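Here the structure comes first, spelled out in structure tokens, and everything after it is commentary.
What you see is a predicted model, and the numbers here were worked out from it, not measured in a lab. In what follows, every chain begins at residue 1, and chains take the letters A, B, ... in the order their sequences are listed.
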Protein chains: 2
Amino acid sequence: MDMQLKRGLLDVCVLAAIRSEDSYGYKIIKDLKPYIVLSESTLYTILKRLESAEMLTVRTAEHDGRLRKYYRITDMGRHRIEEFKREWAEILSIYRFVIKEDEKND
Amino acid sequence: MDMQLKRGLLDVCVLAAIRSEDSYGYKIIKDLKPYIVLSESTLYTILKRLESAEMLTVRTAEHDGRLRKYYRITDMGRHRIEEFKREWAEILSIYRFVIKEDEKND
DNA sequence: CGTAATACATCGTATCACGAGGTATATGAT
DNA sequence: ATCATATACCTCGTGATACGATGTATTACG
């Protein structure tokens, strides 16, 4: 998938991945893989950005003698998802425009 | 609309705006305004990028004693629109994932 | 005992949208 | 006449950011 199209979807996907229950870096990447592929360096950049924006909180916990950083969504994070749903209407309108222009030539 | 979401949509919107008939900078911005707002500096960057990628060709013509640069879509440009339509399926799948995760909490 | 998987992190690079600023002509209002 | 607005083009600098490359450390498996 085109990299440019992924932008803007990535943040909200990561938020969606931790919405139901707290998760950690490696698991988020695996959970998202069927929908959108992202590298570790990209994910950690996003997680830090979302933390700065107070859309998630971080907590370090031990698991099998190893430290994991668990990420939990905040109200602002949930709000971002709601906002995305509203933006979706605009994206749909753009999509229809592209398709409509297309039909003029068929 | 979120800037990141616009990326990836912009190129294909510009291509769609010149698909039916050749157009020029100022007109493209006005035609796209109902769907997506973009500044002149952004548009000219995109037009150059699309020209480099051979998705459109440029021709200068006089109109009312003033020079205009008309942009015409190429086969590769049309191919890009077709590609976008295929990518749309992936975007839809991502959208459904975000919505699905959402419902678990309602 | 070495290879893969898990799990974290940083740095540099390339891409890109946009604001700010610049040039020039035509049109309409004062 | 003059000034503002619209048309029409362009460049430069900046900030945001996705990702490959690279590094560290532990666990699991064959």
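Side-chain N/O atoms of K48(B) include one lying less than 4.0 angstrom from OP1 or OP2 on dT11(D). Distances shorter than 4.0 Å separate none of the side-chain N or O atoms of Q4(B) from OP1 or OP2 on dA16(D). Residue R68(B) places at least one side-chain N or O under 4.0 Å from the OP1 or OP2 atom of dA8(D). Note on R49(A): a side-chain N or O is less than 4.0 Å away from OP1 or OP2 of dA18(D). Within the 4.0 Å cut-off from OP1 or OP2 of dC8(C), at least one side-chain nitrogen or oxygen of Y44(A) is found.
Counting all heavy atoms, side chain and backbone alike, G8(A) lies closest to V12(A) at O-CG1, 4.3 Å.
Under 3.5 Å, the side chains of T42(B) and S39(B) contain a donor-acceptor pair of N or O atoms.
Spacing between atom CD1 of I28(B) and atom C1' of dC9(D) amounts to 13 Å, rounded to whole angstrom units. At whole-Å resolution of the value, CZ in R7(B) and C1' in dA18(D) are 9 Å apart. One can place NZ of K69(A) at 13 Å from C1' of dT10(C), the figure rounded to the nearest angstrom. Note: CG (L47(A)) to C1' (dC8(C)) measures 11 Å, nearest angstrom. Rounded to an integer number of Å, the gap from CG of L9(A) to C1' of dT17(D) is 14 Å. For the pair I46(B) CD1 and dC9(D) P, the interatomic distance rounds to 15 Å; values are reported in whole Å. Here the P atom of nucleotide dA17(C) and the CG atom of L5(A) are 11 Å apart, to the nearest Å. With rounding to whole Å, H63(B) atom NE2 is found 12 Å from dT25(C) atom C1'.
Salt bridge annotation for K85(B)-E82(B): present, with a cationic side-chain nitrogen under 4.0 angstrom from a carboxylate oxygen. Salt-bridge formation is detected for the pair D11(A)/R49(A): a Lys NZ or Arg NE/NH1/NH2 atom is positioned less than 4.0 Å from an Asp or Glu carboxylate oxygen.
Counting only heavy atoms from C-beta outward, the side chains of W88(A) and I91(B) approach each other to under 4.5 Å. Residues L38(B) and I46(B) meet the side-chain proximity criterion, which asks for heavy atoms closer than 4.5 Å. Residues R59(B) and D22(B) meet the side-chain proximity criterion, which asks for heavy atoms closer than 4.5 Å.
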List the protein contact pattern of nucleotides 19-30 of chain D with one symbol per nucleotide (5' to 3'): B for base contact, S for sugar-phosphate-only contact, - for none; contact means a heavy-atom distance under 4.0 Å. BBB----BS---
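With dC9(D), dA7(C), dC16(C) as the candidates, the nucleotide lying closest to the side chain of Y26(A) is dA7(C).
K30(A) comes within contact range of the sugar-phosphate backbone alone, with a heavy-atom separation under 4.0 Å but no base atom that close.
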